[in-house]
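After the structure tokens below, expect a handful of questions from me.
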Amino acid sequence: MAIPSTKDELISAINGRFAILDSALEAVPPDIADEKSMEGHAKDTMMSVNNLVSYLIGWNELVLKWLDQDAKGKDIEFPEVGYKWNELGALAQKFYEDYSAYSFEENRNKFAAVKDQLVSEISKRTDEELYGSPWHGKWTKGRMIQFNSSSPYENAKGRIRKWRKSKAG
């Protein structure tokens with residue numbers, strides 16, 4: 001899939017990759033969704049499929065936070081307060097913990113809801129706002145959204161595919 005360069009392409013990428021990922025998640029037996037048998041986001045860690053969904057919820061909520069702060073004219077501390085871009089493994093661990101009290105089904109529902117909220121926020125913006133100028137470093141707002149939504153959805157789908165093969169073998 002080409003890199004989105006318009007609002008409609010970004011929304012299509014998010015919804016399309018989400019649908020494919022959601023189908024892969026649907027095939028995960030709930031009784032093993034919390035089994036830490038998948039390579040984690042931090043070096044030498046393991047995670048569960050439910051942790052992976054938690055990670056995606058965390059990133060989508062973080063993007064919504066960035067958009068909200070931007071809309072209010074506030075400075076944004078990328079990627080998150082207390083974390084640097086070279087500390088994303090630690091941020092992933094935080095996301096796993098943030099949603100650890102929820103079942104796989106609850107987290108899947110949260111993920112769908114936050115994805116829909118993100119699409120709604122993107123819909124309120126123009127192509128110019130999303131792609132007309134740099135927002136963080138050299139990256140536009142649309143590209144930053146894509147880096148932290150549809151791209152991780154694609155990565156997660158691959159992780160699940162690999163994990164399922166290891167479970168079948």
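Every heavy atom of this structure was used, including side-chain atoms; hydrogens, water molecules and symmetry mates were not.
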Ser48/Asn51 under side-chain hydrogen bond (donor to acceptor under 3.5 Å, both in side chains): CA gap, chis, key distance, verdict: CA-CA 5 Å; Ser48 66; Asn51 289 148; 3.2 Å; yes

Contacts of Trp135 that satisfy ring pair (Phe, Tyr, Trp, His ring centres under 6.0 Å) - sequence neighbours left out: Phe78

From CD1 (Ile160) to CE (Met38), nearest 0.5 Å: 5.5 Å

His136 and its ring-ring contact (aromatic ring centres under 6.0 Å, His included) partner, picked from Trp85, Phe147, Trp66: Trp85

Flag if over 12 foreign heavy atoms under 6.0 Å of CD, Glu105: no

Qualifying residues under side-chain hydrogen bond (donor to acceptor under 3.5 Å, both in side chains), relative to Ser149, sequence neighbours excluded: none

Within residues 41-64 or reaching into it, pairs that qualify as salt bridge (Lys or Arg N to Asp or Glu O under 4.0 Å) - sequence neighbours excluded: none

Min side-chain heavy-atom separation Leu67-Leu118 under 4.5 Å: yes

Evaluation steps, side-chain hydrogen bond (donor to acceptor under 3.5 Å, both in side chains), between Gln146 and Ser151: CA-CA 6 Å; Gln146 182 242 324; Ser151 288; 2.7 Å; yes

For Glu106, all residues meeting side-chain hydrogen bond (donor to acceptor under 3.5 Å, both in side chains), sequence neighbours excluded: Ser103

Test item: Leu52 and Leu25 side chains (from C-beta on) under 4.5 Å apart, heavy atoms: no

Residues that Glu154 engages under salt bridge (Lys or Arg N to Asp or Glu O under 4.0 Å), provided they are two or more places apart: Arg17, Lys157

Pairing residues for Ser5 by the side chain to side chain contact (heavy atoms under 4.5 Å, CB included) criterion, not counting sequence neighbours: Glu9

Validation row: Ser133, Thr140 side chains within 4.5 angstrom (heavy atoms): no

Ring pair (Phe, Tyr, Trp, His ring centres under 6.0 Å) partners of Phe95, counting only residues at least two apart: Trp59

Qualifying residues under ring pair (Phe, Tyr, Trp, His ring centres under 6.0 Å), relative to Phe18, sequence neighbours excluded: Phe111

Beyond-backbone contact of Asp22 with Arg108, side-chain heavy atoms, under 4.5 angstrom: yes

Ile76 side chain near Lys65 side chain, heavy-atom distance below 4.5 Å: no

Residues that Asn15 engages under side chain to side chain contact (heavy atoms under 4.5 Å, CB included), provided they are two or more places apart: Ile11, Lys115, Val119

Which residues share a side-chain hydrogen bond (donor to acceptor under 3.5 Å, both in side chains) with Asn60, sequence neighbours left out: Tyr153

Asp31 atom CG, over 12 foreign heavy atoms within 6.0 Å: yes

By side-chain hydrogen bond (donor to acceptor under 3.5 Å, both in side chains) - contacts of Lys7 (at least two apart): none

Lys94: partners by side chain to side chain contact (heavy atoms under 4.5 Å, CB included), with sequence neighbours left out: Tyr83, Leu91, Asp98

Check ion pair Glu39-Arg159 (N to O, under 4.0 angstrom): no

Lys/Arg-Asp/Glu bridge criterion (N-O < 4.0 Å) met for Lys72, Asp68: yes

Check ion pair Glu121-Lys124 (N to O, under 4.0 angstrom): yes

